[in-house]
Visitor: 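After the structure tokens below, expect a handful of questions from me.
Residue numbers start from 1 in every chain, and the chains themselves are labelled A, B, ... in the order their sequence lines are given, proteins ahead of strands.
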Amino acid sequence: MPELPEVEVVRAGLDPAVTGATVLGVTVLDERALTRYSGSAAQFEAALTGRVVRSAARRGKFLWMPLQPGPDDAPAADALVAHLGMSGQLLLRTPGTAAERHERVRLDIQHPEHGEFTVVFADQRTFGSLTLDTLVPTPDAAPGGLGSPDATVPSQVAHIARDPLDPAFRDLEFRTTLARKKSAIKRVLLDQSVLSGVGNIYADEALWHSRIHPGTPASALSTRAVNRLLADVRGVLERALAEGGTSFDAQYVNVNGQAGYFAHSLNAYGRTGEPCPRCGRPIVRVSFMNRSSHYCAHCQPFDKRRDRSRPVS
DNA sequence: AATGTGCCCTGAGGGC
DNA sequence: TGCCCTCAGGGCACAT
């Protein structure tokens, strides 16, 4: 559920507290939070303790905190990488706070000016994870992501495309890629190696704004349609960001545990059976790629002969 | 190479 | 009351 706007809210909340802070201690309460990490929980704790965080950075839905170089004998770890998965949260708490319900990892840090904080990684559905990773140069020599001081990304994030709000995102390359893709446009929007940061909610919203059926082959879209879609993707992401993200339940929150307000602004996602805000006909829901797609069959028409989605009873 | 499918996980909510 | 089912879905391993 956390997509680009939600993850960016977390990054922006984390950045002032962690930049320049020293990791005083690390506690792994549940090793499932380290599925992307090759070592043991003890190794993770040891490798991170004592390190100094340089910033909080983000590309798409991936977060990372570049670290200042550790001692020469320390294991190679250039950054702490976090992915929230579906239900992950990074919370800023005061030291000694009681454990969150689904707390998986706790970092105690000390900021040179703001004092001590506890960074809690909590995750109900355990699809999120933390890991330590090396940083590799970006092929285009542009900054690795928002909040990254240099042109590097964690190696595990290298295959993730830049997100559409990244100044180094290349619209032309995006159009070229879409022209070669025969997959449904909804699938392509969710492909983080094509563009990152868009998940099920904002894919449905952008397609609704652009009046494009989610099953339309990407290559069938005109240049004009792709440009409109990209503009609508950026529009929904920016508006959601301005409202602090989307939340349906207690799963997505900022670093202070507060929910965003964008759910009130959704036009298609989660509105099955409700009138389309544009034409008044009911929003329909189909199951597609093991996910739900919500759209207006009138405003977003499609040639059924090429429609790969199937109705949900 | 490109495309599509299945699975990891927990808790909420509906039906009976 | 409680049990079983479905749903939420990001990312990746795997199959074709």
Visitor: Measure the spacing between CZ of A/R162 and CD of A/E173 and express it to the nearest 0.5 Å.
Guide: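 So the CZ of A/R162 and the CD of A/E173 are separated by 10.0 Å.
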Visitor: Can you check whether any acceptor in the base of C/dA8 is under 3.5 Å from a donor in the side chain of A/R291, or vice versa?
Guide: no
Visitor: Can you measure A/D123 atom CG to B/dG11 atom P for me and round it to whole angstrom units?
Guide: 11 Å
Visitor: Taking only side-chain nitrogens and oxygens of A/S183, does any of them come within less than 4.0 Å of OP1 or OP2 of B/dA2?
Guide: no
Visitor: Which part of the nucleic acid, if any, lies within reach of A/R32 when heavy atoms closer than 4.0 Å are counted: base, sugar-phosphate only, or nothing?
Guide: sugar-phosphate
Visitor: Hey, is A/E8 close enough to A/R58 for a salt bridge, meaning N to O under 4.0 Å?
Guide: yes
Visitor: Any side-chain donor-acceptor pair under 3.5 Å between A/R36 and A/S129?
Guide: yes
Visitor: Taking all non-hydrogen atoms of both residues, which atom of A/F121 and which atom of A/A33 are closest, and how far apart?
Guide: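 So the two residues come closest at CE2-CB, 3.9 Å.
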Visitor: Would you kindly give the CE-to-C1' distance between A/M86 and B/dG11, to the nearest whole Å?
Guide: 11 Å
Visitor: Tell me the interatomic distance from A/D191, atom CG, to B/dG4, atom P, rounded to whole angstroms.
Guide: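 Those two atoms, CG and P, are 11 Å apart.
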Visitor: Taking for each residue the nucleotide of DNA chain B bearing the nearest heavy atom, is the 5' side occupied by A/T126 or by A/R187?
Guide: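 First, find each residue's nearest nucleotide; the 5'-ward one identifies A/R187.
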Visitor: Which angle, rounded to 10°, do you find between the first-five-pair axis and the last-five-pair axis of the helix from B/dA2-C/dT16 to B/dC16-C/dG2?
Guide: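 Axis-to-axis angle, ends of the helix: 50°.
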Visitor: Give the rounded distance in Å between these two atoms: NZ of A/K181 and C1' of B/dA1.
Guide: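 The distance from NZ of A/K181 to C1' of B/dA1 comes to 10 Å, rounded to the nearest Å.
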Visitor: Rounding to an integer number of Å, can you tell me how far A/Q156 CD sits from C/dA13 P?
Guide: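 Roughly 10 Å, once rounded to whole Å.
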Visitor: Side chain of A/R180 only, heavy atoms from C-beta on: which candidate in C/dG11, C/dG10, B/dA2 is closest?
Guide: B/dA2
Visitor: From the list C/dC12, B/dC9, B/dG11, which nucleotide is the closest neighbour of the side chain of A/R101?
Guide: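 For the A/R101 side chain, the nearest candidate turns out to be B/dG11.
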Visitor: Looking only at side-chain atoms of A/R285, point me to the closest of C/dC12, B/dT3, C/dC7.
Guide: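 In terms of side-chain proximity for A/R285, the closest of C/dC12, B/dT3, C/dC7 is C/dC7.
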Visitor: Find the distance A/R125:CZ to C/dA8:P and express it as a whole number of Å.
Guide: 11 Å
Visitor: Does C/dC12 have OP1 or OP2 under 4.0 Å away from a side-chain N or O of A/H159?
Guide: yes
Visitor: Classify the ring geometry between A/Y37 and A/F44 as parallel (under 30°), tilted (30 to 60°) or perpendicular (over 60°).
Guide: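 Perpendicular, since the angle between the ring planes exceeds 60°.
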Visitor: Classify the angle between the aromatic ring planes of A/H114 and A/H111 as parallel (below 30°), tilted (30 to 60°) or perpendicular (above 60°).
Guide: parallel
Visitor: Find the distance A/Q124:CD to B/dG13:P and express it as a whole number of Å.
Guide: 11 Å
Visitor: Just so I know, are the side chains of A/L229 and A/I185 near enough to count as touching, which here means a heavy-atom distance under 4.5 Å?
Guide: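 Of all side-chain heavy-atom pairs linking A/I185 with A/L229, at least one is under 4.5 Å.
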Visitor: Please confirm whether the shortest side-chain N or O distance from A/K61 to OP1 or OP2 of C/dG11 is below 4.0 Å.
Guide: yes
Visitor: To the nearest Å, how far apart are A/D30 CG and B/dT10 C1'?
Guide: 12 Å
